[in-house]
Amino acid sequence: YPHIDEHFSLDEYKRYGRQMIVPVFGSLPSQIKLKNSSILVVGAGGLGCPALLYLSAAGIGKIGIVDDDTVDVSNLHRQVLHTTESVGMYKCDSAKSYIAKLNPHVEVMTYPIRLSNDNAFDIIKQYDLVLDCTDTPAVRYLINDVAVLCGKTIVSGSGLKSDGQLSLLNFQNIGPCYRCFYPKPPSADSVTTCSDGGVIGPAIGLVGISMAVETIKVLTGYYTKENFKPFLSMYSGYPQQQFRVFKMRNRQSNCSVCGTTPSISKESIVNHEIDYAAFCGNVNPNVL
Amino acid sequence: YPHIDEHFSLDEYKRYGRQMIVPVFGSLPSQIKLKNSSILVVGAGGLGCPALLYLSAAGIGKIGIVDDDTVDVSNLHRQVLHTTESVGMYKCDSAKSYIAKLNPHVEVMTYPIRLSNDNAFDIIKQYDLVLDCTDTPAVRYLINDVAVLCGKTIVSGSGLKSDGQLSLLNFQNIGPCYRCFYPKPPSADSVTTCSDGGVIGPAIGLVGISMAVETIKVLTGYYTKENFKPFLSMYSGYPQQQFRVFKMRNRQSNCSVCGTTPSISKESIVNHEIDYAAFCGNVNPNVL
Amino acid sequence: MGFKVKVEFLGGLDVISGGVREHKLTIPLEEGEATVKDLIENITKTIIADPKDIPVFIEDDTVRPGILVLINDTDWELEGMEDYVLESGDVFTFTSTLHGG
Amino acid sequence: MGFKVKVEFLGGLDVISGGVREHKLTIPLEEGEATVKDLIENITKTIIADPKDIPVFIEDDTVRPGILVLINDTDWELEGMEDYVLESGDVFTFTSTLHGG
Ligand SMILES: [Zn+2]
Ligand SMILES: [Zn+2]
């Protein structure tokens with residue numbers, strides 16, 4: 001695909017033309033911003049699959065995928081980027097192979113490992129933005145803390161059964177973080193994963209796609225420090241589908257990671273002084 | 001995949017287990033209903049792709065796909081079921097080949113033709129439910145009239161730029177139809193297609209996925225003649241994503257196709273007395 | 001005299017109001033006297049920025065086919081359409097019908 | 001005496017009220033006298049069907065960590081939390097935090 005100007009090949013202009021003409025998208029400058037962006041998707045499951053499909057299709061330059069899980073047939077009703085023939089493969093490798101077919105202009109890095117105190121900084125610091133598509137509170141707190149300490153915005157999604165939630169965390173280091181919303185972790189016995197509680201495929205898919213929309217808005221500069229307002233959106237699939245926006249608290253000055261006198265630092269995480277599993281209680285820590 | 005009971009193979013039990021345990025889904029009886037259902041998806045584009053992905057993954061027994069268009073590289077930012085290597089193929093064939101990999105338990109029929117007065121009855125009558133994933137008013141009125149006259153519920157989606165709409169039409173022959181909502185067609189100069197007006201990939205994708213959720217609700221019997229209330233939902237991608245439900249009018253007794261003294265009949269359509277292109281004015285009739 | 005209602009344009013219909021989606025509108029009549037017919041007239045006079053855009057909103061003296069009208073999230077057909085009597089705080093939503101897919 | 005508010009349970013929290021998501025609740029106090037603290041007490045007495053479910057909602061005398069509280073679609077943290085004074089017609093939304101993906 002030879003470039004026809006300093007930015008794109010003819011194939012890319014054709015490929016992205018229909019989104020570039022949407023006024024609110026922001027035309028060629030926004031497409032260039034996507035091309036020059038890198039994002040890390042943690043979890044290539046029910047949320048990660050649709051987010052990866054639409055963000056790679058939209059022309060993000062570089063996408064990293066973290067997931068140490070392999071494809072199981074019980075995933076396929078909702079993790080539609082994987083197929084029957086990829087059962088047993090690492091989810092991140094299965095995702096990479098489909099993305100290569102969908103959009104060869106995207107560079108994909110895979111991390112078939114579990115995100116931990118030891119590796120999170122090295123991985124997250126390489127990307128502009130993190131999508132939290134994971135399945136347990138312990139990993140959500142870890143992603144949050146490391147992203148805050150690395151200065152990265154988080155697009156956070158979650159879901160269970162027929163419901164879902166969406167938020168932007170640590171937006172440009174001024175927005176509230178996960179700990180601002182949830183300073184105390186939930187008790188372990190109140191946490192249900194999709195494997196245990198079940199999930200309607202297109203319901204979690206809808207939340208994953210909505211994360212892709214938010215990611216595009218952040219990367220193209222639609223949200224600014226001036227116009228950003230903290231929010232949490234709630235999707236309900238039943239009785240009638242709705243997606244409601246709640247106005248949320250600002251960054252909390254007493255937050256233990258993003259506040260004015262934080263108790264959590266890079267050192268305390270790397271040295272395992274912060275034990276996420278113990279903090280959250282022992283939930284099945286599979287990243288789905 | 002040998003059956004282990006009268007309904008399913010072991011592979012299918014594993015595959016659908018996570019949705020069957022969601023209480024509102026309705027457990028094994030609902031999964032059996034999906035397996036015994038047939039749906040027709042008209043349009044394998046921005047709406048049809050995500051709807052097809054999630055509905056085939058969910059285990060609908062038989063899916064028909066109508067689309068006479070071929071895959072173009074400009075589709076790929078939003079029509080994520082097609083890939084770079086399927087450029088030039090019929091969209092319905094490209095979709096069929098991915099579905100075969102995603103879920104071999106689904107039977108897929110393809111119709112690489114344009115839906116018309118001449119073929120619509122023969123095709124639509126074979127299916128339990130129709131998903132209208134098309135791109136122009138003329139085809140939307142045709143699908144509506146034929147589905148009403150064949151007694152089929154329509155899951156209707158549409159979108160443009162960063163917005164979308166979702167409705168259930170002719171629900172079990174008691175709900176309002178497209179003509180109840182829109183007795184007069186829009187003037188041709190007010191109609192914009194996704195090719196002309198542009199569209200954000202995950203925004204139209206979100207509407208397509210929401211159609212999959214509604215389809216599952218209809219097929220599993222979540223909505224009944226008793227609890228069904230006419231609605232139209234409006235998705236806005238900007239400034240903040242929301243999905244609002246509007247309460248809509250009931251079936252209109254003066255409707256020209258579903259009313260008490262209809263002027264539109266199977267004969268008048270088959271004999272071309274109803275000219276949809278002339279009725280709606282000449283919009284570019286590509287089914288995207 | 002006068003009371004306030006909210007007017008929203010969705011589905012791209014904000015083109016007729018310079019891209020502004022939400023408007024607080026003061027109706028210069030007593031509550032109980034104004035109907036949707038008055039509201040529509042008021043919108044064409046005070047919100048539509050460019051008179052050339054009026055035909056995008058109005059056709060044959062009423063709201064153009066293809067535009068849905070919601071009163072407090074309910075189809076205006078269920079509320080009396082143009083004869084609905086406005087109340088302070090009402091939300092009127094006008095949305096284009098979308099056809100794309 | 002007494003006034004009405006709406007209470008919603010989202011995100012699966014309707015398990016504590018027999019699967020009913022929306023409730024109209026009559027607060028047996030004068031408007032202006034009741035706070036969210038009274039509301040919560042009222043919910044545990046009148047809505048939670050099974051006393052065994054109270055710990056799903058309450059921990060250490062307040063709403064359990066992991067449950068978000070919204071007052072008219074706004075985080076209660078912005079509205080004074082337990083000290084917010086109830087007004088007739090207010091909507092109180094309680095939602096579980098979801099962790100699945
Ligand atoms: Zn914080
Ligand atoms: Zn009708």
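So that the names make sense, note that chain A is the first sequence line, chain B the second, and so on, each numbered from 1.
Contacts with chain A were tallied for V22(B), I216(B), L55(B), D11(B); V22(B) has the most, counting heavy-atom pairs under 4.5 Å. Each of S162(B), G17(B), G197(B) has some count of heavy-atom pairs under 4.5 Å with chain A, and the biggest count is that of G197(B). With chain A as the partner, the residue from Q242(B), Q240(B), K161(B) showing the most heavy-atom pairs under 4.5 Å is Q240(B). No other option in K229(B), M211(B), E85(B) has as many heavy-atom pairs under 4.5 Å with chain A as E85(B). When E214(A), K217(A), H82(A) are compared by the number of non-hydrogen pairs under 4.5 Å with chain B, K217(A) comes out ahead.
Here the straight-line distance linking atom CG of L102(B) with atom OG1 of T83(A) works out to 7.5 Å at 0.5 Å rounding. Note that the CD atom of E12(B) and the NE2 atom of H77(A) stand 14.5 Å from one another [nearest 0.5 Å]. Rounded to the nearest 0.5 Å, atoms CG (L206(B)) and CG (L206(A)) are 4.0 Å apart. Atoms CD1 and OG1, on I200(A) and T220(B) in that order, are 8.0 Å from each other to the nearest 0.5 Å. In this structure, the separation between OG on S210(B) and OH on Y235(A) is 7.0 Å, given to the nearest 0.5 Å.
Among Y222(A), Y223(A), F25(A), the one residue that satisfies the ring pair (Phe, Tyr, Trp, His ring centres under 6.0 Å) test with Y238(B) is Y222(A).
Within the 4.5 angstrom heavy-atom criterion, no atom of R244(A) approaches chain B. When heavy atoms are compared at a cutoff of 4.5 Å, Y13(A) does not approach chain B at all. If you measure heavy-atom distances from P23(A) to chain B, the contacts under 4.5 Å come from the side chain alone. No part of N227(A) comes within reach of chain B, as not one of its non-hydrogen atoms sits under 4.5 angstrom from that chain. Contacts of V245(A) with chain B are made by side-chain atoms alone, with heavy-atom separations under 4.5 Å and no backbone atom involved.
Counting only heavy atoms from C-beta outward, the side chains of K101(A) and T84(B) never approach each other to under 4.5 Å. Here the side chains of Q241(A) and L166(B) are in contact, with some heavy-atom distance below 4.5 Å. Inter-residue side-chain proximity for Y54(B) and P50(A) is flagged as met; some heavy-atom pair is nearer than 4.5 Å.
Minimum interatomic distance between V213(A) and P202(B) (heavy atoms only, all atoms of both residues): CG2-CB, 3.6 Å.
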> Could you walk me through whether L76(B) and N103(A) pass the side-chain contact (heavy atoms from CB on, under 4.5 Å) check?
Replying inline: CA-CA 8 Å; L76(B) 296 181; N103(A) 190 348; over 6 Å; no
>> For L53(A) and L53(B): C-alpha separation, side-chain torsions, deciding distance, then whether side-chain contact (heavy atoms from CB on, under 4.5 Å) applies.
In response: CA-CA 12 Å; L53(A) 275 170; L53(B) 275 170; 4.2 Å; yes
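Here the side chain of K14(A) pairs no donor or acceptor atom with the backbone of D72(B) at under 3.5 angstrom.
Heavy atoms of other residues, nucleotides or ligands lying less than 6.0 angstrom from NZ of K247(B) number 12 at most. For Y90(A), the OH atom is loosely surrounded, since the number of other residues' heavy atoms within 6.0 Å does not exceed 12.
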